[in-house]
Colleague: 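This structure is in structure tokens; I'll ask about it shortly.
Heavy-atom basis, side chains included; hydrogens, waters and symmetry copies ignored.
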Amino acid sequence: MEFDFKKYHVRAMNASSEEEKAGINRELKAYYESLSKEQQSRFNEELQSFLIKEMAKIKSVYEGVKSQDASDN
């Protein structure tokens with residue numbers, strides 16, 4: 001199983017309203033509930049991996065901005 005979390009992440013970030021974000025969340029929840037217990041477990045593992053990678057990217061950008069700001073002072 002290889003779920004495209006980024007597709008949903010980008011859709012949610014670009015949602016024009018809270019209602020649209022809620023719709024995306026409902027879509028994901030329905031998908032998750034359609035999976036077998038084994039698939040749900042794999043989905044959770046893949047989601048955790050995706051979130052860790054995304055947080056690492058954010059941290060890298062943050063640290064870059066922070067160090068750039070410090071060198072400007």
Side-chain angles (χ1 to χ4, degrees):
M1 169 190 235
E2 185 82 24
F3 190 77
D4 188 0
F5 292 103
K6 187 166 187 123
K7 176 177 80 172
Y8 285 90
H9 179 64
V10 170
R11 281 179 57 206
M13 287 187 333
N14 293 321
S16 61
S17 67
E18 289 302 314
E19 293 80 23
E20 186 178 355
K21 285 182 187 180
I24 293 167
N25 285 337
R26 283 191 300 276
E27 184 181 332
L28 277 171
K29 186 174 183 176
Y31 175 77
Y32 181 81
E33 290 173 350
S34 75
L35 300 174
S36 69
K37 293 293 180 193
E38 183 178 305
Q39 290 171 322
Q40 286 179 351
S41 178
R42 183 70 185 139
F43 180 94
N44 290 336
E45 290 170 7
E46 289 180 17
L47 176 57
Q48 185 174 14
S49 177
F50 172 78
L51 292 173
I52 289 168
K53 289 175 187 172
E54 289 300 305
M55 291 301 293
K57 289 177 191 176
I58 291 168
K59 182 179 183 209
S60 177
V61 170
Y62 173 77
E63 293 296 329
V65 169
K66 189 174 160 183
S67 67
Q68 180 65 35
D69 187 44
S71 68
D72 287 344
N73 289 330

Colleague: I'd like to know if the side chain of Ser41 and the backbone of Lys37 have a donor-acceptor N/O pair within less than 3.5 Å.
Modeller: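 No, because the side chain of Ser41 does not come within donor-acceptor range (under 3.5 Å) of the backbone of Lys37.
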Colleague: How long is the span from the NE2 atom in His9 to the CG atom in Leu51, to the nearest 0.5 Å?
Modeller: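 If I round to the nearest 0.5 Å, the distance is 8.5 Å.
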Colleague: How close do Tyr32 and Asn44 get, heavy atom to heavy atom, and via which atoms?
Modeller: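 Distance-wise, the nearest heavy atoms are OH-ND2, 3.1 Å.
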Colleague: Find the distance between NZ (Lys7) and CZ (Arg11) and round it off to the nearest 0.5 Å.
Modeller: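 Here the rounded value is 7.0 Å.
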Colleague: Calculate, to the nearest 0.5 Å, the distance between atoms CD1 and NZ belonging to Ile52 and Lys59 respectively.
Modeller: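 NZ of Lys59 is found 13.0 Å from CD1 of Ile52.
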Colleague: Which atom pair, heavy atoms only, marks the closest approach of Gln40 to Glu33?
Modeller: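 Minimum heavy-atom separation between Gln40 and Glu33: NE2-CA, 3.9 Å.
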Colleague: State plainly whether one hydrophobic cluster holds both Val10 and Ile24, where clusters connect Ile, Leu, Val, Met, Phe, Trp and Tyr through side-chain heavy atoms under 4.5 angstrom apart.
Modeller: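 Cluster IDs for Val10 and Ile24 differ.
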Colleague: Under a 4.0 Å N-O cut-off, is there an ion pair linking Arg42 with Glu38?
Modeller: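 Here Arg42 does not pair with Glu38 in a salt bridge, since their nearest N and O are not under 4.0 Å apart.
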Colleague: Among Tyr8, Phe50, Phe3, exactly one meets ring-ring contact (aromatic ring centres under 6.0 Å, His included) together with Phe43. Which residue is that?
Modeller: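 Only one of Tyr8, Phe50, Phe3 forms a ring-ring contact (aromatic ring centres under 6.0 Å, His included) with Phe43, namely Phe3.
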Colleague: Taking all heavy atoms of Lys6 and all of Lys57, pick out the closest pair and write down the distance.
Modeller: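 Heavy atoms only, the tightest pair is NZ-NZ, 4.2 Å.
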Colleague: NZ/Lys21 to CG/Asn14 distance, rounded to the nearest 0.5 angstrom?
Modeller: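 So the NZ of Lys21 and the CG of Asn14 are separated by 9.5 Å.
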Colleague: Evaluate whether atom CE of Met55 has more than 12 neighbouring non-hydrogen atoms of other residues, nucleotides or ligands under 6.0 angstrom away.
Modeller: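 Count not over threshold, so no.
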